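Reading through the structure tokens given below for one structure.
FYI, side chains are in, hydrogens and waters are out, and symmetry mates aren't considered; it's all heavy atoms of this structure. Everything numeric here is computed off the predicted structure, so don't read it as measured data.
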Amino acid sequence: MKKTFILAAGLLFSVSAQAQILDIIKSTVKNQTGVDLNNPKTTPSTTTTKPQTGTASSQTPTKSTSSVNLGSLTSTQISSGLKEALNLGVTEGVKKLGVTDGFLKNEAVKILMPEKLRVIDTKLRAFGLGSLADQGVKLLNRAAEDAVTESAPIFTKAITSMTITDAKNILLGGDNSATNYLQSKTQAQLFTAFQPKVKASLGKVGADKVWNNLISKYNTLTGQAVSTDLNEYVTNETINGVFKMVAEKESGIRNNSVMRTTGILQKVFGAQDQK
């Protein structure tokens, strides 16, 4: 009986000691972390408590200004703005190029002697025929100046029929993104439509006759036989010249708000300012 009493007392002491130790642990946890192990769900500052409204972790990430601005534009508006910029570039470019010396005195677009015929220039000048070489280059530019005046409708049609499926990418691209896109998509059709006009202009200004004489003299002097398709060459150079002017206009509209002379240009390119 005595042994039983002693055993029971030992057990009671053990349970009491464990309870005290557990209370000490709970008290320490609460003091250090704020977590009440007796009632963890009602503690106001536990690590699982949802952040208060308005904290950085509870807010949806803020959209960039670019996304917000472009989001206010429809694809049709973006397309219209880009096309208007290109149309302005073509109209002004053709106007500047389609006058006497429009090509010849503009170093950015001046048509030089075809690369494979530049040896002719050197040889003719060596034989005192530099004036003939100069006349040949001059008439190539005169042909371009004459032909380009009739090119505006061709460029305009190409722009109007253009479908810009990636309009936003073009808008947010480089200074000449729309021009480069248009050129890559329309160069072939523009060449086909424009080539007859260039051929007529070459004949109109007498460039074809001068060049036949120039090449004939070269072949006689050197005993060689060179030839080139001047029509193809001048057609490509004229088209490239117009695109250079269009690119210049596009870059201006993108970077200078003063050049945005219409509402759609202001709206569309004003949005890209914040990209």
Margin query: Hydrophobic clusters here meaning ILVMFWY residues chained together by side-chain heavy-atom distances under 4.5 Å, can you tell me if L112 and V109 are in one?
Written below: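 No; tracing contacts between hydrophobic side chains, which count when under 4.5 Å, never links both residues.
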
Checklist line | ILVMFWY network linking V137 to F127, side-chain heavy atoms under 4.5 angstrom | finding: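 As far as the 4.5 Å side-chain criterion goes, F127 and V137 are connected within one cluster.
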
Checklist line | Partners meeting ring-ring contact (aromatic ring centres under 6.0 Å, His included) with F155 (sequence neighbours left out) | finding: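 Checked F155 against ring-ring contact (aromatic ring centres under 6.0 Å, His included); matches are F243.
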
State, with a plain yes or no, whether a side-chain heavy atom of [X] is found less than 4.5 Å away from one of [Y].
{"X": "V234", "Y": "S201", "answer": "no"}
{"X": "Q195", "Y": "E232", "answer": "yes"}
{"X": "V90", "Y": "V94", "answer": "yes"}
{"X": "T160", "Y": "K83", "answer": "no"}
{"X": "I170", "Y": "L82", "answer": "yes"}
{"X": "F269", "Y": "M259", "answer": "no"}

Answer yes or no: is there a donor N or O on one side and an acceptor on the other, between the side chain of [X] and the main chain of [Y], under 3.5 Å?
{"X": "Q266", "Y": "R260", "value": "yes"}
{"X": "N212", "Y": "D208", "value": "yes"}
{"X": "W211", "Y": "G136", "value": "yes"}
{"X": "N240", "Y": "N236", "value": "yes"}
{"X": "S79", "Y": "S75", "value": "no"}
{"X": "T192", "Y": "A188", "value": "yes"}
{"X": "Q183", "Y": "N180", "value": "no"}
{"X": "D101", "Y": "L104", "value": "no"}

To the nearest 0.5 Å, tell me how far [X] [atom1] sits from [Y] [atom2].
{"X": "L171", "Y": "I78", "atom1": "CG", "atom2": "CD1", "result": "5.5 Å"}
{"X": "T149", "Y": "L97", "atom1": "OG1", "atom2": "CG", "result": "10.5 Å"}
{"X": "Y233", "Y": "E115", "atom1": "OH", "atom2": "CD", "result": "8.5 Å"}
{"X": "T235", "Y": "F191", "atom1": "OG1", "atom2": "CZ", "result": "5.0 Å"}
{"X": "K110", "Y": "K138", "atom1": "NZ", "atom2": "NZ", "result": "11.5 Å"}
{"X": "L140", "Y": "M113", "atom1": "CG", "atom2": "CE", "result": "7.5 Å"}

Might you point out which heavy atoms bring [X] and [Y] nearest each other, and give the distance in Å?
{"X": "G81", "Y": "V268", "answer": "CA-CG2, 4.1 Å"}
{"X": "A144", "Y": "I111", "answer": "CB-CD1, 3.5 Å"}
{"X": "A158", "Y": "L182", "answer": "O-CD1, 4.2 Å"}
{"X": "L230", "Y": "P114", "answer": "CD2-CG, 4.1 Å"}

Item checked: side chain to side chain contact (heavy atoms under 4.5 Å, CB included) evaluation trace for T238 with F103 -> CA-CA 9 Å; T238 305; F103 272 88; 3.9 Å; yes

Notebook entry, point to check: Are E145 and R142 ion-paired here, with the side-chain N under 4.0 Å from a carboxylate O?
Noted result: yes

Check: Is a salt bridge present between D121 and R125, judged by a nitrogen-to-oxygen distance below 4.0 Å?
Finding: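 Counted as a salt bridge, because a side-chain N and a carboxylate O are separated by less than 4.0 Å.
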
Note to self: side chain to side chain contact (heavy atoms under 4.5 Å, CB included) for Q189 and I154? Distances and angles first, verdict last.
What the structure shows: CA-CA 9 Å; Q189 70 187 70; I154 300 173; over 6 Å; no

Enumerate, atom names and distances included, each donor-acceptor pair closer than 3.5 Å involving a side-chain atom of residues 244-251, sequence neighbours excluded.
residue, atom, partner, partner atom, Å
K244, NZ, A108, O, 2.9
K249, NZ, E92, OE1, 3.2
K249, NZ, E92, OE2, 3.0
E250, OE1, T179, N, 2.9
E250, OE1, T179, OG1, 2.6
E250, OE2, S177, N, 3.4
E250, OE2, A178, N, 3.0
E250, OE2, R254, NE, 2.9
E250, OE2, R254, NH2, 3.1
S251, OG, D175, OD2, 3.4
S251, OG, N255, ND2, 3.4

Next item on the list: Run through D146, I239, V148, N231 and flag the one making a side-chain contact (heavy atoms from CB on, under 4.5 Å) with V198.
Entry: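 Exactly one candidate clears the test, N231.
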
